[in-house]
Amino acid sequence: MNKKLLVIYEALLKHYGPQGWWPLTSLVEEGKDGGYHPGDYEHPKTELDAYEIIVGAILTQNTSWSAVERAIQNLMQMGALNPHALLSLSDSELKRAIKPAGFYNQKALYLKEATKFFMSLSKKTPTRKDLLSVKGVGNETADSILLYAYKQPQFVIDAYTKRIAFALNLADESVGYMELKKLFESNLPKDVALYQEFHALLVEHAKRFYSGKARASSITFVDFLREIL
DNA sequence: AGCCAGGCTACCG
DNA sequence: CGGTAGCATGGC
């Protein structure tokens, strides 16, 4: 097991602190920001919170979380942030509610498909394969749901993770999803809290240094590590 | 004013 | 079967 990834993880954690993913509306408090619960790896504690993570995982596909927050707010205010109520919305009502998160035509369909799937589980943990059979759920969404909603040790790979892995010379730019997932999983202790935290930290770090225009102009990861270690 | 966001599906060659 | 256009709004 190559310890490099663990060193990176420790460095990111020390620098940014625990991120408190996945944010939940049930944890939003006055004066605190957005339902994050840094250092607390016990959530979700209810089926409803698990369901909300599924909804968020679909809404955030290629979309910023701030936009997703407003879509979720809309659903909550409509009393539709639960499986039965969401399914009872008309397609146009649902689309209107999630509009801020973009791609609302397909996401409305995906949400209903995922909701039916969730209800069919009746509190059981889904397999990765079953999740992938749901229209609108691909590799990253499936792993996000398994890791954050069901506390299964599945490492989540996203575009940011790919960029960082490339910057670290850990992978080729054209590395496939499963290949990169395996690289992380085979070089880290199989620990749900660690997987959750590491992914969130990679996103946080990449947003600052590997997103948009920052990609070209920012310091390299190596420089960053040298600076904080 | 553009480029980008915590991707996925369908379709193309 | 690998590659990519299309999906859409909001933030910076």
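In this text, all values refer to a predicted model and were calculated from it rather than measured experimentally. Lettering of chains follows the sequences in order, A, B, ..., and the numbering in each one begins at 1. Atoms considered below: every heavy atom in the structure, side chains included; atoms not considered: hydrogens, waters and symmetry mates.
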Legend entry - N or O in side chain of A:Arg163 less than 4.0 angstrom from B:dC4 OP1/OP2: no

Legend entry - No-hydrogen, no-angle side-chain donor-acceptor test under 3.5 Å, A:Arg128 and A:Asn139: yes

Inset, instruction - Test A:Gln106 against A:Tyr110 for side chain to side chain donor-acceptor pair (under 3.5 Å), laying out the working first. - result: CA-CA 6 Å; A:Gln106 33 180 317; A:Tyr110 296 169; 3.0 Å; yes

Inset, instruction - Select from A:Ser144 and A:Gly136 the residue whose nearest nucleotide in DNA chain B is closer to the 5' end of that strand. - result: A:Ser144

Legend entry - Aromatic ring pairing A:His199/A:Trp21, orientation class (parallel under 30°, perpendicular over 60°, tilted between): perpendicular

Legend entry - Interatomic distance, A:Ile53 CD1 vs B:dG6 P [rounded to whole Å]: 17 Å

Legend entry - Aromatic stack A:Trp22/B:dG6: centroid gap under 5.5 Å, interplanar angle under 30°: no

Inset, instruction - For A:His205 and B:dG6, give me the distance from atom NE2 to atom P, rounded to whole Å. - result: 15 Å

Inset, instruction - Could you tell me whether the side-chain ring of A:Tyr160 sits stacked on the base of B:dG6, using a centroid cut-off under 5.5 Å and a plane angle under 30°? - result: no

Could you list, one pair per line, each protein nitrogen or oxygen that sits under 3.5 Å from a nitrogen or oxygen of nucleotides 10-13 of chain B, together with the distance?
from   : atom 1 : to       : atom 2 : distance (Å)
B:dA10 : OP1    : A:Lys135 : NZ     : 2.9

Inset, instruction - Take the protein atom CD of A:Glu140 and the nucleotide atom C1' of B:dG6, then report the distance between them rounded to whole Å. - result: 6 Å

Inset, instruction - Look at the aromatic rings of A:Phe184 and A:Phe155 and report parallel, tilted or perpendicular, splitting at 30° and 60°. - result: parallel

Legend entry - Spacing of the P atoms in B:dC11 and C:dA8 (rounded, Å): 15 Å

Inset, instruction - Anything under 4.0 Å to a heavy atom of chain A counts; send over the first and last such nucleotide of DNA chain C, read 5' to 3'. - result: C:dC7 to C:dG11

Inset, instruction - To the nearest Å, give me how far apart CG (A:Leu201) and P (B:dG6) are. - result: 15 Å

Legend entry - Nearest-Å distance once atom P is located in both B:dG6 and C:dG6: 23 Å

Legend entry - Residues in side-chain contact (heavy atoms from CB on, under 4.5 Å) contact with A:Leu87, at least two apart in sequence or another chain: A:Lys112, A:Thr115, A:Lys116, A:Met119

Inset, instruction - Specify the separation, in whole Å, of atom NE2 of A:His199 and atom P of B:dG6. - result: 10 Å

Inset, instruction - Check every strand shown and say whether A:Gln106 touches a base, only sugar-phosphate, or nothing at a heavy-atom separation below 4.0 Å. - result: base

Legend entry - Close side-chain approach of A:Val175 and A:Leu183, heavy atoms under 4.5 Å: no

Inset, instruction - May I ask you to say what A:Tyr36 touches in the nucleic acid, namely base, sugar-phosphate or nothing, with a heavy-atom cut-off under 4.0 Å? - result: base

Inset, instruction - Please report, rounded to the nearest Å, how far the P atom of B:dG6 is from the CD atom of A:Gln196. - result: 19 Å

Legend entry - Flag for A:Ser90-A:Lys95: side-chain donor and acceptor within less than 3.5 Å: no

Inset, instruction - Determine whether the side chains of A:Glu197 and A:Tyr41 contain a donor N or O and an acceptor N or O closer than 3.5 Å. - result: yes

Inset, instruction - Would you indicate whether the side-chain heavy atoms of A:Pro126 and A:Leu146 approach each other to under 4.5 Å? - result: yes

Inset, instruction - Can you tell me, in whole Å, how much space there is between the P of C:dA5 and that of B:dC4? - result: 15 Å

Inset, instruction - Can you tell me the pairing partner of B:dG13 across any strand shown, Watson-Crick or G-U wobble, with both distances under 3.5 angstrom? - result: C:dC1

Legend entry - Sugar-phosphate, base or nothing in reach of A:Tyr104, heavy atoms under 4.0 Å: sugar-phosphate

Inset, instruction - Give A:Val137 one of three labels, base, sugar-phosphate or nothing, depending on what nucleic acid heavy atoms sit under 4.0 Å from its own. - result: sugar-phosphate

Inset, instruction - Starting from P on B:dC8, measure out to CG on A:Leu132 and report it in whole angstrom. - result: 9 Å

Inset, instruction - Starting at atom CD1 of A:Ile145, determine the distance to atom C1' of B:dG7, rounded to an integer number of angstrom. - result: 12 Å

Legend entry - Donor + acceptor pair across side chains of A:Asn187, A:Lys4 (<3.5 Å): no

